[in-house]
*Asks:* 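The following block contains the structure, expressed as structure tokens.
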Amino acid sequence: MCGIVGYIGTQAATEILISGLERLEYRGYDSAGIATVLEGKLECVKAKGKLYNLREKLEHTVNHAQIGIGHTRWATHGKPEEHNAHPHLDSDTKVAVVQNGIIENYRELREELTSKGIEFSSETDTEVIPHLISQYLTNSNITLLEAVQKTITRLEGAFAIAVISADHPYELIVARQQAPITLGFGQGEFFCASDVTALLPHTHAVLTLENSEIARLTPLGVEIYTFAGERVSRFPRTLDWNPGQVEKQGFRHYMLKEIHEQPGVVRSSLETYLNPNWHADENPNFSPINLGLSSQLHENTDYIQIVACGTSWHASLIGKYLLEQLAGIPTTVDYASEYRYSPKPVIPNTLTIGVTQSGETADTIAALEMEQARRSKLDSKFQPQLLAITNRPESTIGQLCNHIINTQAGIEIGVAATKTFIAQVLGFYYLALDLAYHRKTLSNERITEIIDGLHHIPDSIEKTLETQDHAIEELAHEFTQETEDFIFIGRGINFPIALEGALKLKEISYIHAEAYPAGEMKHGPIALLDHKVPVVAVAMPGSVYEKVISNAQEAKARDARLIGVTSAMNATEAGTTFDDVLTVPEVEELLSPILAVIPLQLLSYHIAAIKGLDVDQPRNLAKSVTVE
Ligand code: F6R
């Protein structure tokens with residue numbers, strides 16, 4: 001959600017903080033600020049709006065401070081105004097704090113502090129923290145670390161914080177309770193950031209704090225303690241990412257770059273997870289899929305429940321289709337935010353899957369934690385089996401789950417998920433095929449056929465990008481002025497693609513869009529249609545093709561402008577129904593969602609880009625949603 005960065009070392013901190021925040025801006029972008037300490041004086045600069053406003057403010061100042069913290073905000077408590085921007089300070093301007101998360105009991109703490117005469121200068125939950133730290137420092141003879149530790153015991157909620165103090169110029173304190181924060185290790189310099197993307201230009205040696213851990217960073221090194229004060233011995237790991245991955249590489253936006261990266265993402269995913277030595281006719285004893293799941297999981301899973309949010313929820317709906325149709329396992333998909341408060345009855349032999357590209361989505365994590373807690377109390381057949389499908393195996397979900405499918409899509413910077421969606425969907429193909437193989441719900445010949453089809457997907461995505469990108473850009477011009485609503489329809493395995501097309505469009509173009517199972521239109525939504533409402537139909541050849549075409553005809557009869565996504569083989573025939581046809585190469589229905597989503601990603605991208613909108617950082621959204 002919000003982005004935190006901190007630095008202590010021998011270089012000037014300001015530029016490191018600002019460029020770190022630039023790399024984190026996708027996490028939140030309604031205001032930003034930094035605080036530094038130099039010669040016993042704390043300096044704090046903040047600006048409302050995007051980060052360049054802060055950069056502009058700092059342009060004519062020289063600051064040699066070698067310690068500092070910075071923050072880019074996504075407002076939770078208090079409007080996005082400068083006085084609510086972080087860092088927040090105590091009344092004496094001695095302590096500065098940045099926070100990501102929510103302090104749930106801030107009202108009580110605020111009342112307590114107000115009754116002691118403390119005046120608040122913001123409406124945020126965060127401001128209680130510097131005031132509390134300051135009180136502990138003033139009233140008892142303790143270190144900064146101890147004062148932060150004491151403060152933390154007063155806080156309820158999920159948060160990560162970084163703290164500096166004018167009176168402790170060689171210490172940066174960092175703490176984590178349910179919200180992610182990672183430390184970076186350089187030569188005589190140390191960093192913290194809420195995402196490793198901010199650390200990449202400086203170091204590849206990183207260590208993610210665990211829950212209830214607090215770290216003291218000095219120019220000499222890093223000490224880590226539990227909140228209870230016990231020293232912890234942990235070692236950094238080495239990131240194998242390169243800074244180029246977080247550059248635009250000539251594309252106008254990260255989203256477009258990430259759409260174009262999809263063939264490569266699929267290729268390397270297939271290389272990782274498909275076993276090249278598997279041949280159906282030899283019928284060897286090993287799976288065609290390298291997921292490393294236990295035989296217990298293969299054999300004893302009677303029921304699967306999936307929790308996710310947003311685009312990951314759409315990927316999960318495709319997952320449900322695959323798990324039920326290929327592996328024959330009853331599967332449910334819930335919004336994580338709903339599941340938490342109305343969980344399914346506890347069923348034995350259940351696999352619970354959390355799907356999240358960031359690995360940090362608070363609702364998804366909380367739903368899994370709840371599931372783990374309630375099952376752990378029961379006997380063995382109810383014990384939690386938690387599987388994460390994530391792009392960040394080192395994240396909170398990675399630490400929580402006993403099985404992980406790493407989607408390996410590389411860093412995704414655009415707030416609208418594209419390549420991570422495709423990679424999640426692939427994760428479900430692997431899981432469904434692996435289970436189907438071990439449970440013998442599919443013949444080896446059918447498995448081979450599906451795997452052969454998967455091998456064609458990277459080339460087919462490439463072809464789709466080559467043939468459709470420009471054509472879709474042309475088409476997009478027609479919807480940038482007066483179009484206020486879009487309807488997307490699809491059926492079967494492609495209904496989730498209609499949902500995904502609608503979500504992509506609304507989140508980046510701000511055009512209202514809804515998706516329906518095509519057959520449901522006539523039960524109500526068809527009343528919305530007239531010549532001003534374009535309808536996009538995902539009409540991939542297969543079992544429901546004719547039905548989708550009929551549903552599209554019903555829309556056409558209400559004067560709707562019809563756009564069809566279909567296979568190139570069908571283009572001529574589809575042209576008799578649709579006003580515009582967006583094509584993908586021929587593909588069997590089971591694999592068609594992976595291709596059908598590409599034209600929809602391009603359509604939403606081009607509409608938003610032509611409208612001149614901030615495609616990579618759409619209003620009100622954040623890449624990593626770490627508040628519930
Ligand atoms: C849409 C989008 C969001 C995320 C959702 C879940 O493009 O990016 O809807 O899919 O916030 O995020 P993760 O996958 O990180 O749990």
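This structure is a prediction, so every number in the text was calculated from the model and none was measured. In what follows, every heavy atom counts, from backbone to side chain, and hydrogens, waters and symmetry copies are set aside. Every number for a ligand or one of its atoms is a count from 1 in the order of the listing.
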*Asks:* I'd like to check the side chain to side chain donor-acceptor pair (under 3.5 Å) partners of N391; sequence neighbours left out, ordered by chain and number.
*Replies:*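 Checked N391 against side chain to side chain donor-acceptor pair (under 3.5 Å); matches are T407.
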
*Asks:* How many angstroms lie between CG in L351 and OG1 in T301, if you round to the nearest 0.5 Å?
*Replies:*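 One gets 5.0 Å once the value is rounded to the nearest 0.5 Å.
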
*Asks:* Do any pairs count as a salt bridge (Lys or Arg N to Asp or Glu O under 4.0 Å) and have a residue in residues 468-482, sequence neighbours left out, and if so which ones?
*Replies:* E478-R561

*Asks:* Rounded at 0.5 Å granularity, tell me how far CG in L256 sits from OH in Y605.
*Replies:* 4.5 Å

*Asks:* Show me, by chain and number, every protein residue that has a heavy-atom distance under 4.0 Å to ligand 1.
*Replies:* C309, G310, T311, S312, T356, Q357, S358, T361, V415, A416, A417, L503, K504, E507, V625

*Asks:* So how far is it from I306 CD1 to D334 CG, rounded to the nearest 0.5 Å?
*Replies:* 9.5 Å

*Asks:* Please enumerate all residues that pass ring-ring contact (aromatic ring centres under 6.0 Å, His included) together with Y429, with sequence neighbours excluded.
*Replies:* none

